[in-house]
Every structure is written in C-alpha cells, then in structure tokens.
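Here the structure is laid out as structure tokens; the discussion comes afterwards.
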Amino acid sequence: GDLLAQGDFPGAIAIYETLYRTHPDSLVVANDLASLLSTNSDDPAQIARAALIAAPLHGNGSPAVADTLGWIAYRQGETARALPLLRRAARGLPDDPGVRLRLAEVQAASGQVDAAEASLATALSLAGPEDPRVQATQAVIATRVSVPAQ
C-alpha cells in the first residue's frame, strides 16, 4: 500500500505482477492487479490484459470486484455493461471516493448528467476538493456535459 500512497503505480504493479505469478488463484491479487492496470494505463493492451486477469472474477459478488469489472468494461467502451456494476460497487463501498468518481464518469458517459453530478458531489464530500482524482473527474464530466450526445 505504501507505493500506492506515494503514487508509484509502476512499482505497485510490479509487486502485484510478482504476487500474481506466485499466487495465480488469489482472487484478491487478481482483482487488485486488474484494478491497477485498468486505472493507471490508457494502453489498450494493458486494459485487455486487465480484462483477462479479471475474467475469473465474474460472478464474484464483492463490491470491489464489481468496481474493477465495471471500470474495465467502461475502459473497453462497454458503458451499458459498466453502469450496473459500478452502481453495485458504490452501494457496497459507500465511503470510497474512487468508486464514486468512476461511477460519475460512467454516468456522464451514459448521458445521466444529474446522476453523475450527484455521484461527483458525494465523492467530493468524501475526498475533499484538493483530491486530484476529484479534479480529473470534474474535468471529464465537464467535457461530457458541454458536448451534445452523439
């Protein structure tokens, strides 16, 4: 967790890659690695790898798994599949601002602007306005709101 707190995502990913090689059946390790890969890379190959690692997690009722699977679906352009997963994650992890921010982004992408703004407000109250994730999500939602849906 220390590497993540310091923002050293490559270092954290390297540790989880090692854990995943040594414990390929650990659902927690698979979820954490898939989450890191899908959250911290825009590389389609990394996101596809995250989806592959997360594939055995489908059917697991954990809200953390729903968060990971929902975000991977969204990153792969499957917004309709992502939305219910992220809603379930937000219900199960009500105090996690990251989950709320991911939900807000998917809601905005789905044209649910009011819901997105409500999720963003909840994340803001949980994380505070200085959290860079909040600012990044605000910017993404602002672009979605200002551009008419295609």
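Heavy atoms only, all atoms of each residue included: Thr79 and Ser110 are closest at CG2-OG, 3.0 Å. The two residues Gln76 and Ala48 come nearest to each other via the heavy atoms NE2-CA, 3.8 Å. The heavy-atom pair separating Pro129 from Gln135 by the smallest distance is O-NE2, 3.1 Å.
Put simply, the side chain of Pro63 does not reach to within 4.5 Å of the side chain of Arg88, judged on heavy atoms. Pro97 places none of its side-chain heavy atoms less than 4.5 Å from the side chain of Val134. Side-chain contact check for Asp96 versus Leu126: every heavy-atom pair is 4.5 Å or farther apart. Counting heavy atoms from C-beta outward, Ile53 and Leu37 have side chains that approach closer than 4.5 Å. Using a 4.5 Å heavy-atom cutoff, the side chains of Ile72 and Glu78 are not in contact. Arg100 is not listed as a side-chain neighbour of Leu120, based on a closest heavy-atom distance of 4.5 Å or more.
Linking Ile, Leu, Val, Met, Phe, Trp and Tyr whenever their side-chain heavy atoms come within less than 4.5 Å leaves Leu52 and Tyr20 in two separate clusters. Side-chain heavy atoms closer than 4.5 Å link hydrophobic residues (I, L, V, M, F, W, Y) into clusters, and following such links, even through other members, never connects Leu69 to Leu83.
For Arg102, the salt bridge (Lys or Arg N to Asp or Glu O under 4.0 Å) partners are Asp67, not counting sequence neighbours. For the salt bridge (Lys or Arg N to Asp or Glu O under 4.0 Å) test, residues two or more places apart in sequence or in another chain that qualify with Arg75 are Asp42. In this structure, the salt bridge (Lys or Arg N to Asp or Glu O under 4.0 Å) partners of Glu17, at least two apart in sequence or on a different chain, are Arg49.
In this structure, the side chain of Ser38 engages the main chain of Ser35 through a donor-acceptor pair within 3.5 Å. Distance alone, capped at 3.5 Å, places no donor-acceptor pair between the Glu105 side chain and the Ile141 backbone. A donor-acceptor contact shorter than 3.5 Å is absent between the side chain of Thr39 and the backbone of Leu36. Remark: the backbone N or O of Asp43 is paired with a side-chain donor or acceptor of Ser41 at under 3.5 angstrom.
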Name every donor-acceptor pair, under 3.5 Å, that has one atom in a side chain of residues 25-33 and the other anywhere in the protein, sequence neighbours excluded.
unit_1: Ser26; atom_1: OG; unit_2: Val29; atom_2: N; d: 3.1
unit_1: Asn31; atom_1: OD1; unit_2: Thr68; atom_2: OG1; d: 2.7
unit_1: Asp32; atom_1: OD2; unit_2: Tyr16; atom_2: OH; d: 3.1

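Pairs of residues two or more places apart, or lying in two chains, that qualify as ring pair (Phe, Tyr, Trp, His ring centres under 6.0 Å) and include a residue from residues 22-72 are Trp71-Tyr74. Within the structure, every pair that satisfies the side chain to side chain donor-acceptor pair (under 3.5 Å) test and touches residues 113-128, not counting sequence neighbours, is listed here: Gln107-Ser119.
Atom CG of Leu101 and atom OG1 of Thr137 lie 4.0 Å apart (nearest 0.5 Å).
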